[in-house]
Amino acid sequence: MPPVERRPDTDDSPAGGRPAPSADWWRDAVFYQVYVRSFADGNGDGVGDLIGIRSRLGHLAELGVDALWITPFYPSPMADHGYDVADPRDVEPVFGDLAEFDALLAEAHALGIRVTIDLVPNHTSDHHEWFQAALAAGPGSAERARYLFRDGRGAEPPNNWPSVFGGPAWTRVPDGQWYLHIFAPEQPDLDFTNPEVIADLEETMRFWLDRGVDGFRIDVAHGMAKPDGLPDMVPMEDTGLLDDHGPGDKRFDQDGVHAVHRRIRSVLDQYPGTMAVGEVWVSDDARLAQYVREDELQLAFNFKLLTADWSAEALRPAITHSLAAVARTPAPACWVLSNHDRPRHVTRYGGGELGLRRARAAALLQLALPGAVYVYNGDELGMPDVDLPDEALQDPIWERSGHAERGRDAGRVPVPWSGTGPSYGFSSSPATWLPMPEGWGGLTVEAQAADPSSMQSLYRAALALRRSAKAFGGEELEWLPAPDGCLAFRRPDGLVCLVNMSAAAVPLPEGRVLLASAPVGEGLLPADSAVWLTA
Ligand code: NOJ
């Protein structure tokens, strides 16, 4: 099937109900991450799904996002909530079917919202037909050569690599061989030196591109290539989180991974206007830059904002490094405050009223920066992490760590839409896949829509300005002098952003206030707040 025609000849608005034509629309786009299980449940089983997303597209259009990133919705036994893919070219029945996906895509496009989806190249599910065939075929077979099966060292695994989710990265099968899984044992790693593996990835990409998707978020984009001989690495405990452990960690950021990205890019280049963003946990600026070379990814998440504390000392270098990493590449920076793998930033910044206040300021900081932005579902409501009871925990990290690490469920609780008690309009059932707490009536989309001072109103206003105000033009950033504990910068077309992370109010700079995260009176910006100004 030839690539579908996208990017009709319209102006900037979604005239004709279809996205605008620009080939590099993603450079300053606001992407909204839909964690599919938790966004909206359309069929009442307590788990989010594609019909749910479709029914809430109006909210996303009103919010003003440019594109979605939908997390994996492919057939999966859900050992890692969809990141264990049993068939990358179909839809998990819990989430819907292909016709439902096509309808969602068409409706999103009609609203001017682009749709990007997760691509999970590094591993499959252990239920994938390839892995089942590999188990059946035995050592030395072509079926095993799609994965990383090896003999052990006596009774020990082939090397000392740990799994990101705890325990060894190797599991032994009944005939004595071991297979590599950087994540859960239900997620066997593929061998990208096998031409069949990359060919299959390309087929998956074309399958979705032919249906009309606008691009991909590439899972573990710094994985895929493993060093020859699979040597031992610097011994380390894993934290239950993807992170950058530096060059001693042989599981990630191997030079061979770039050949895979070049193949991915060559497919995308056949579908004008499509893109890929990589989940690249690489903190060295020069190493990160390699992923966004001319013939590789268009964007790479820079996780420095996601991992920085709420202080000028932490956030300023986070920003300068993120900009330095892309400075000599064709890519813009790509900013992330929260995602489904890390504690939500309201909670990271102290939780409660303080966390919310800081998160409001952080939103203005993130949205003032030049480049692409990712907003995690619920960021726009100021959702915090939830203290879940032990028996509710579902993340494989909880079991794999012997209950030492609670995992990522706290930040994955379903989004509250309306009403005053669970499940707050998320589902027609009160029983949701992760329980929703009491007391969230004020957090719902409905309640916040009626409140001009809500987090959601702030996001709507900020996204509207970001989209329309001339002051946001240009990809440069000039640091301005700022009081202690504050950051101030100017964009080329005039936007000034001042963020006050000190304990006291500071004077407002010259200019007309466009938007502030807290009331600015008497020429002062209060502590833990941010303001946008223009000349
Ligand atoms: C990164 C994803 O964001 C995370 O949720 C998942 O567990 C791992 N990759 C493994 O696919």
Side-chain angles (χ1 to χ4, degrees), residues 6-7 10-14 18-33 60-61 63-69 108-109 111-116 214-217 268 272-278 288-289 291-292 294 297-306 318-320 322-337 339 362-376 379-380 458-478 489-497 514-515 530 532-534:
R6 52 171 67 76
R7 314 288 161 265
T10 58
D11 62 16
D12 247 358
S13 66
R18 304 182 68 193
S22 141
D24 56 359
W25 56 270
W26 39 268
R27 289 195 79 83
D28 59 357
V30 175
F31 290 81
Y32 184 92
Q33 180 190 352
L60 298 171
L63 188 61
V65 305
D66 300 301
L68 308 184
W69 152 29
H109 282 170
L111 288 167
I113 299 174
R114 292 181 166 88
V115 177
T116 69
D214 299 279
F216 301 99
R217 174 266 191 187
L268 291 172
T274 63
M275 53 76 67
V277 58
L288 182 61
Y291 289 80
V292 285
E294 201 73 55
L297 296 161
Q298 281 89 348
L299 296 173
F301 289 135
N302 193 310
F303 290 122
K304 290 197 162 67
L305 281 191
L306 180 86
I319 295 167
T320 47
S322 304
L323 293 171
V326 294
R328 278 178 288 283
T329 76
C334 180
W335 309 99
V336 186
L337 279 173
N339 67 21
L364 293 198
L365 169 63
Q366 183 191 27
L367 293 168
L369 291 166
V373 162
Y374 277 76
V375 174
Y376 177 40
D379 283 0
E380 80 280 20
L458 180 74
Y459 264 88
R460 284 188 185 177
L463 292 183
L465 279 169
R466 186 184 153 101
R467 181 174 275 206
S468 63
K470 241 185 85 349
F472 286 79
E475 286 188 3
E476 305 301 309
L477 178 151
E478 177 198 354
F489 58 85
R490 183 176 14 233
R491 297 274 299 272
D493 288 346
L495 177 77
V496 169
C497 177
L514 285 176
L515 190 62
W532 288 354
L533 306 107
T534 185

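What you find for Glu475 and Pro492 is that their closest heavy atoms are N-CG, 4.3 Å. Pairing each heavy atom of Val115 with each of Ala108, the nearest pair is CG2-CB, 3.5 Å. The two residues Gly371 and Pro332 make their nearest non-hydrogen contact at CA-CB, 3.9 Å. Nearest heavy-atom pair, His109 versus Asp214, reported as atom, atom and distance to 0.1 Å: NE2-OD2, 2.6 Å. The heavy-atom pair separating Ala333 from Val326 by the smallest distance is N-CG2, 3.7 Å. Of all non-hydrogen atoms in Gly474 and Pro370, the two that sit nearest each other are O-CB, 4.1 Å.
Not less than 6.0 angstrom separates the ring centroid of Trp69 from the ring centroid of Tyr376. Aromatic ring centres of Phe31 and Trp25: separated by under 6.0 Å.
In this structure, OG1 in Thr274 is found 6.5 Å from CD in Gln298, a value given to the nearest 0.5 Å. To the nearest 0.5 Å, the span separating CZ on Phe301 from CG on Leu306 amounts to 10.0 Å. Put simply, CE on Met275 and CZ on Arg217 are 12.0 Å apart, with the number rounded to the nearest 0.5 Å. In this structure, SG on Cys497 lies 7.0 Å from CG on Leu369, to the nearest 0.5 angstrom. Here the CG-CZ distance, from Leu288 to Phe303, works out to 9.5 Å after rounding to the nearest 0.5 Å. The distance from atom CG of Leu515 to atom OG1 of Thr534, rounded to the nearest 0.5 Å, is 13.0 Å.
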Next on the checklist: Before you tell me yes or no, could you show the steps for Asp28 and Arg466 under side-chain contact (heavy atoms from CB on, under 4.5 Å), namely the whole-Å CA-CA distance, both residues' side-chain angles and the distance that decides it to 0.1 Å?
Outcome noted: CA-CA 9 Å; Asp28 59 357; Arg466 186 184 153 101; 4.1 Å; yes

Item to check | Step-by-step side-chain contact (heavy atoms from CB on, under 4.5 Å) determination, Val277 to Trp26 | outcome: CA-CA 10 Å; Val277 58; Trp26 39 268; over 6 Å; no

Next on the checklist: Determine whether Leu268 and Phe216 satisfy the following criterion, side-chain contact (heavy atoms from CB on, under 4.5 Å), listing intermediate values before the conclusion.
Outcome noted: CA-CA 10 Å; Leu268 291 172; Phe216 301 99; 4.0 Å; yes

Item to check | Evaluation steps, side-chain hydrogen bond (donor to acceptor under 3.5 Å, both in side chains), between Glu380 and Tyr32 | outcome: CA-CA 10 Å; Glu380 80 280 20; Tyr32 184 92; 2.7 Å; yes

Next on the checklist: As a quick check of understanding, evaluate side-chain contact (heavy atoms from CB on, under 4.5 Å) for Leu495 and Leu465, giving each step before the final call.
Outcome noted: CA-CA 11 Å; Leu495 177 77; Leu465 279 169; over 6 Å; no

Item to check | Test ring-ring contact (aromatic ring centres under 6.0 Å, His included) applied to Trp532 and Phe472, step by step | outcome: CA-CA 10 Å; Trp532 288 354; Phe472 286 79; 5.0 Å; yes

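Electrostatic pairing of Asp66 and Arg467 counts as a salt bridge here, judged by a charged N lying under 4.0 Å from a carboxylate O.
Judged purely by atom type and a 3.5 angstrom limit, Arg491 uses its side chain to pair as donor or acceptor with the backbone of Ala368. Under the 3.5 Å distance criterion, the side-chain polar atoms of Thr116 are matched with a main-chain donor or acceptor of Leu68.
Considering only heavy atoms from C-beta on, Val336 stays 4.5 Å or farther from Leu305 through its side chain.
Atom CD of Glu478 sits in a crowded spot, with more than 12 heavy atoms from other residues, nucleotides or ligands closer than 6.0 Å. By the 6.0 Å contact criterion, CZ on Arg27 is enclosed, its count of non-hydrogen atoms from other residues, nucleotides or ligands being greater than 12.
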